[in-house]
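All figures in this text were calculated on a predicted structure; none of them were measured in a lab. One is the number of the first residue; the rest follow in order along the sequence.
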Amino acid sequence: MTSKNSLIILDKSSQFDDFEKFLSSNRQIIAVDFETHQKLEEKKILHEFLDNYLKKNQREALYDYVLTKYNWYEDISMKKDFEINNINMLSLMSPLEFHEFLLSILLKFTAIQNLLKENNPNEIFVSESLSQYVSLIKTDITLNAIKSVSNIEKGFSTDKIEIRFNIFSKPLTFYLSKKTYSFLKKKFENLICNVNNLWFKQKSAKEVILLVEFNIAQYHELIKSLSKSKKQLVLLNRRRPAILGKNTIQILKSNNVKILNSEKFLNKQNTEFLSEKKRFVQNLNRLWEIEELFSLFSINDKTYWPLIKNRLKNIFEYRLDDYLQFIFQSKKFLSELNIKQIICLSESGETENILLQNIDNNIESILLQHSFLRYHNDVNNLQWRYEDQKMIHLKSKKFFVWGKNDLEYFSEKSLIKKENMLITGSPRHDDFFEPQKYFNKKTILITLSPISERSGLGDVNLVIKYNKILTDIVNKIKKINNSKIIIKLHPGENPHNIILLKCLNEIQDITVHQTKNSKDLVMNCDLLINISPELYDSSTIMLEGLILKKPVIQFILDNEFLNIQPLSSPIIQMNELNDLVEVTQKILENEKFKETIIKKIPLQTANYLSYQNSSSHKILELIEKTPN
């Protein structure tokens with residue numbers, strides 16, 4: 001990396017018509033993100049990546065550091081000022097959301113530190129959004145701000161909700177403010193629930209099983225089984241709509257499932273609520289100005305508090321009313337309703353977080369495993385590093401896991417008591433074991449795992465590699481006679497999905513889905529290929545492919561692949577394009593080879609998934625055994 005007297009540091013917020021006037025031969029240009037790299041490349045402007053100034057061991061150290069900051073609110077002098085009902089208001093931001101937000105800031109902060117140290121410039125041109133980073137690191141330097149586009153931030157750590165749907169073969173995305181989304185959701189649910197008599201009556205004395213933030217369509221078998229209990233099955237969905245169409249209404253009505261309207265449990269003019277809200281508003285205003293936060297949020301003797309202050313301030317001020325309302329609402333319905341079990345799919349969400357901090361010992365809380373990971377012993381240690389149960393620990397009283405591999409993994413790695421872990425299988429996949437039709441159309445389903453922000457190891461180089469590999473895979477497989485390619489993006493909200501979609505838009509004759517039911521796509525394919533950017537982070541759709549007896553290939557982009565003995569069954573792991581094309585062609589054109597692969601699948605899936613086709617019944621059995 002050549003040292004120059006002057007640096008230009010650009011990110012996707014930079015206004016390019018503003019910075020071009022600063023170009024000269026002795027100015028080194030640094031691209032912070034992939035979008036900036038693309039723009040510079042289009043203009044044939046020589047540049048380097050900021051990511052290249054951050055080594056892997058530094059990224060890993062920053063990841064470890066962020067884990068130590070989850071409970072930052074415990075270390076401030078004002079800690080008691082944010083407590084209500086033994087809940088600290090500052091603890092309610094999702095720890096995984098906090099993790100990704102803080103890690104992304106620190107990666108940039110440390111990379112810019114390294115950049116300035118290595119090049120020692122006397123002048124810097126930098127986008128307005130990054131100028132504060134430079135000012136905190138180096139004060140004795142001429143700083144020139146390049147205009148930035150305002151309000152480009154999107155995603156779950158902002159006030160916007162991502163809405164996704166397909167028009168024909170292409171997925172589309174747009175954003176709504178969370179307030180608009182919440183308003184529309186309430187209006188829709190009020191209309192549907194009133195017309196169909198779906199609201200749970202506040203004064204009901206029935207014993208209740210409460211399902212929290214469940215997708216009814218995915219868990220219809222569990223709902224069907226639990227409805228056979230003598231207890232009333234009730235849904236609480238504050239983030240996702242409980243009702244997604246006629247099918248979900250039918251599932252609810254036919255199984256006598258009700259929906260809990262938590263808003264009925266609080267009058268917003270309640271004097272205690274208004275008094276507490278006023279107190280928290282005043283305390284938040286004081287919090288952002290206390291000096292101790294500068295030292296609390298510092299690393300290597302450099303504070304980064306000014307870089308995160310406004311985002312945290314906006315998040316807590318924006319969400320305060322919602323947090324406080326649900327604390328009051330949940331306290332009331334937990335005390336007034338006869339709730340016996342609360343079942344969650346996650347513990348990091350704000351709804352689950354408040355509930356699990358508010359419940360007493362008379363209510364059994366259960367966490368259901370919801371993702372597929374334990375299929376290769378060589379990866380166990382790497383996966384544990386990024387596992388939820390290591391990062392945030394179990395809050396529920398019971399943890400229902402899918403199979404033998406999961407029980408052994410958590411028994412060895414976690415602090416969870418073995419008696420609190422029970423094998424139940426996956427209720428979400430019960431109907432995958434019903435007899436399926438066999439299709440032979442040379443249809444290849446390529447599923448894309450996005451680059452996650454969790455590990456902090458994904459960078460611009462990996463994004464470029466992913467785009468190139470994806471394009472090469474599609475173009476080479478398209479040459480196989482009569483082959484049809486369908487692409488499935490990950491359904492979750494992830495910034496990398498937007499980049500992948502733009503890449504796919506450049507490829508002809510493919511169908512792309514993001515929100516379509518994965519079972520339908522897997523059933524109608526002859527081969528499933530999953531592209532995994534990082535070895536530790538796999539996709540549950542691979543397990544779904546195995547259940548439906550499809551050959552499954554995992555193509556891994558991560559260099560960690562070189563540290564394992566790749567699987568050849570039931571998942572075929574590889575990282576070479578030529579190998580992928582060769583095996584794909586052989587599977588599609590050699591029926592005997594394909595059948596050999598498929599026959600081996602059940603030998604291992606029994607370890608991945610117990611109670612196949614009867615998981616929902618097993619969960620009902622365990623719940624019925626629970627003493628009241």
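Here CG of Leu106 is found 12.0 Å from CD of Gln58. Values are rounded to the nearest 0.5 Å.
Residues Glu48 and Tyr53 bring a donor and an acceptor atom of their side chains to less than 3.5 Å of each other. A donor and an acceptor atom, one from each side chain of Asn563 and Glu560, are located under 3.5 Å apart. A donor-acceptor contact closer than 3.5 angstrom is absent between the side chains of Asn575 and Asp558.
Here Lys468 does not pair with Glu506 in a salt bridge; the nearest charged N to carboxylate O distance is not below 4.0 Å.
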Show your working on side chain to side chain contact (heavy atoms under 4.5 Å, CB included) between Leu448 and Tyr466 and close with a plain yes or no. CA-CA 10 Å; Leu448 309 182; Tyr466 202 139; 3.4 Å; yes
Leu588/Ile444 under side chain to side chain contact (heavy atoms under 4.5 Å, CB included): CA gap, chis, key distance, verdict: CA-CA 9 Å; Leu588 295 179; Ile444 304 101; 3.7 Å; yes
After noting the C-alpha distance and the side-chain angles of Ser539 and Phe372, does the key distance pass the side chain to side chain contact (heavy atoms under 4.5 Å, CB included) rule? CA-CA 7 Å; Ser539 174; Phe372 172 60; over 6 Å; no
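More than 12 heavy atoms of other residues, nucleotides or ligands lie within 6.0 Å of NZ in Lys478, so this atom counts as buried by the packing criterion.
Glu60 is listed as a side-chain neighbour of Lys56, based on a closest heavy-atom distance under 4.5 Å.
The closest donor-acceptor contact from the side chain of Asn524 to the backbone of Asp520 lies under 3.5 Å. The closest donor-acceptor contact from the side chain of Thr110 to the backbone of Leu107 lies at 3.5 Å or more, if one exists at all.
At least one cation-pi condition fails for Lys69 and Phe98: the charged atom is not both under 6.0 angstrom from the six-membered ring centre and inside a 45 degree cone around its axis. Remark: Arg374 is not positioned above the aromatic ring of Tyr608, lacking an NZ or CZ atom under 6.0 angstrom from the ring centre and at most 45 degrees off the axis.
For the salt bridge (charged side-chain N to carboxylate O under 4.0 Å, His left out) with Glu544, the lone residue among Lys550, Arg428, Lys488 that qualifies is Arg428.
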